[in-house]
Amino acid sequence: MITLEDWALIRRLAADGVPKARIAAQLGISRTTVVKAVASGSPPRYERAPAVTSFSGFEGRVRALLQDVPSMPATVIAERVGWPGSITWFRQNVARLRPEYRPIDPADRLLYDAGDQAQCDLWFPPAEVPTQGRTAPLPVLVIVASHSRFITARMLPSRTTPDLVAGMWSLISEQLRAVPRRLIWDNEAGIGRRNKLADGVTGFTGALATRIVQLKPFDPESKGIVERANGYLETSFLPGRRFASPDDFNQQLTEWLPRANTRKVRSLNARPIDLISNDRARMLPLPPVIPTLGHQNRVRLGRDYYVSIAGNDYSVDPTASGRMIDVRADLSHVTVRQGGRLVASHDREWGSGIIVTAPEHVQTAARLRAEFQQPRPAGVEELELARDLADYDRAFGIEVA
């Protein structure tokens, strides 16, 4: 078979009137080849007949399954069609066919205006952070200013709404030091679901004059900046570190973040620390009044003088039993007041199922219990209150013979 260049040269020489025999002699090919090249309407193309392989007999059934479920794993397809051979070879053939059935979801290039948005996400670091009574990893709230790529982060006691709101305020007020006009979230339950924000979130955004935008499902590109930041934290912050407690984790993270924000971002050809001032200048200022934060509840303290916060129990002064108390917990402390009186103050626990008891509350409970169990002596006043039963008979008109 002649090459594409030879075919083009033969066609050009023949069009110029050069005899076919002379063309054949010039190119060192047979005259018959020249005749076929001149007569052909398209350049020569090598077509190899499809080879029959062990997969050929299964291809039709594989295509039928991919037609119904394009994302079906190759191992499941192999089980459905009864594939007896190498799973590696089967995976290679399924990978060759799958693009024909998988719908295309192109990703746009997104541009971010200064001050417009910050992307928020929860990162669960695969690291041992000692806490009492807890096995699941603690969440780390990560907020990244989209324009400057400035990273802020903090570990939280839980992913409940009060802790997420308190965490957002902590990062916005202490690290960003300005309020983005939009906070981008996925469908995190503590923030909201089905286009409805969770209780407490609306008031928080109203106090900051910002708004929360929750993304539609299957739209990871719109939150890709914070997703990449999570990966950066996992590969650049975690390796080789040991943590004594969640507070130690936050301390090390706070010390490391300034160095992280001096890295050069290739897509920006700049460092976040150099761009954050432009971001802040176009963000909203912090509100003059701190918004309502943390866990808050008003309950009546029972005989069991404990209150529950995020799965942990904290003791309260038993003298407040039977009275209404105001319970408040931020990311670090738990306080309880009865009227204007402080009746409990504890450090916030990061684990779950923990009972926190103040020794003075136990002593007060023992004293009150002993006083309750002592019989009250009858006083003179009590004796004077006794009435003659005949007075009741006369009052109700009863005559006793």
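Just so you know, these numbers use all the heavy atoms, side chains as well, and skip hydrogens, waters and symmetry mates.
Taking the six-membered ring for Trp and the full ring otherwise, Trp256 and Phe249 have centroids separated by 6.0 Å or more. Trp89 and Phe55 have their aromatic ring centers separated by at least 6.0 angstrom.
With Arg159 contributing its side chain and Ala189 its backbone, the two residues share no donor-acceptor pair below 3.5 Å. The closest donor-acceptor contact from the side chain of Ser315 to the backbone of Ala358 lies under 3.5 Å. Remark: side-chain polar atoms of Gln252 are paired, donor with acceptor, to backbone N or O of Arg242 under 3.5 angstrom. In this structure, the side chain of Asp116 does not engage the main chain of Pro180 through any donor-acceptor pair within 3.5 Å. A donor-acceptor pair under 3.5 Å is absent between the side-chain atoms of Ser170 and the main chain of Ala166, judged by distance alone. A distance-only check finds no donor-acceptor pair linking the side chain of Ser148 to the backbone of Asp279 [under 3.5 Å]. Side chain of Arg182 to backbone of Arg211: no donor-acceptor contact under 3.5 angstrom is found.
Under the 3.5 Å distance criterion, with hydrogens and angles disregarded, no donor-acceptor pair is assigned to the side chains of Ser321 and Arg303. Between the side chains of Gln373 and Glu371, no donor-acceptor pair of N or O atoms lies under 3.5 Å. A donor atom on one side chain and an acceptor atom on the other are found under 3.5 Å apart for Ser158 and Thr160. Side chains of Tyr232 and Arg263: a donor-acceptor N/O pair is absent below 3.5 angstrom, by distance only.
Taking the charged nitrogens against the carboxylate oxygens, Asp326 and Arg298 do have a contact shorter than 4.0 Å, which makes a salt bridge. Ion pairing of Lys223 with Asp186 is present here, as a side-chain N (NZ or NE/NH1/NH2) and a carboxylate O approach within less than 4.0 Å. Ionic pairing of Arg323 and Asp317 is not present here: no N-O contact between side-chain nitrogen and carboxylate oxygen is shorter than 4.0 angstrom.
Distance CD1/Ile325 to CZ/Arg300: 10.5 Å, rounded to 0.5 Å. Rounded to the nearest 0.5 Å, atoms CD1 (Ile191) and CH2 (Trp185) are 4.5 Å apart.
Listed by chain and residue number, His346 satisfy the ring-ring contact (aromatic ring centres under 6.0 Å, His included) test with Tyr314 (two or more places apart in sequence, or in another chain).
The only member of Val140, Val226, Leu141 that meets side chain to side chain contact (heavy atoms under 4.5 Å, CB included) when paired with Trp123 is Val140.
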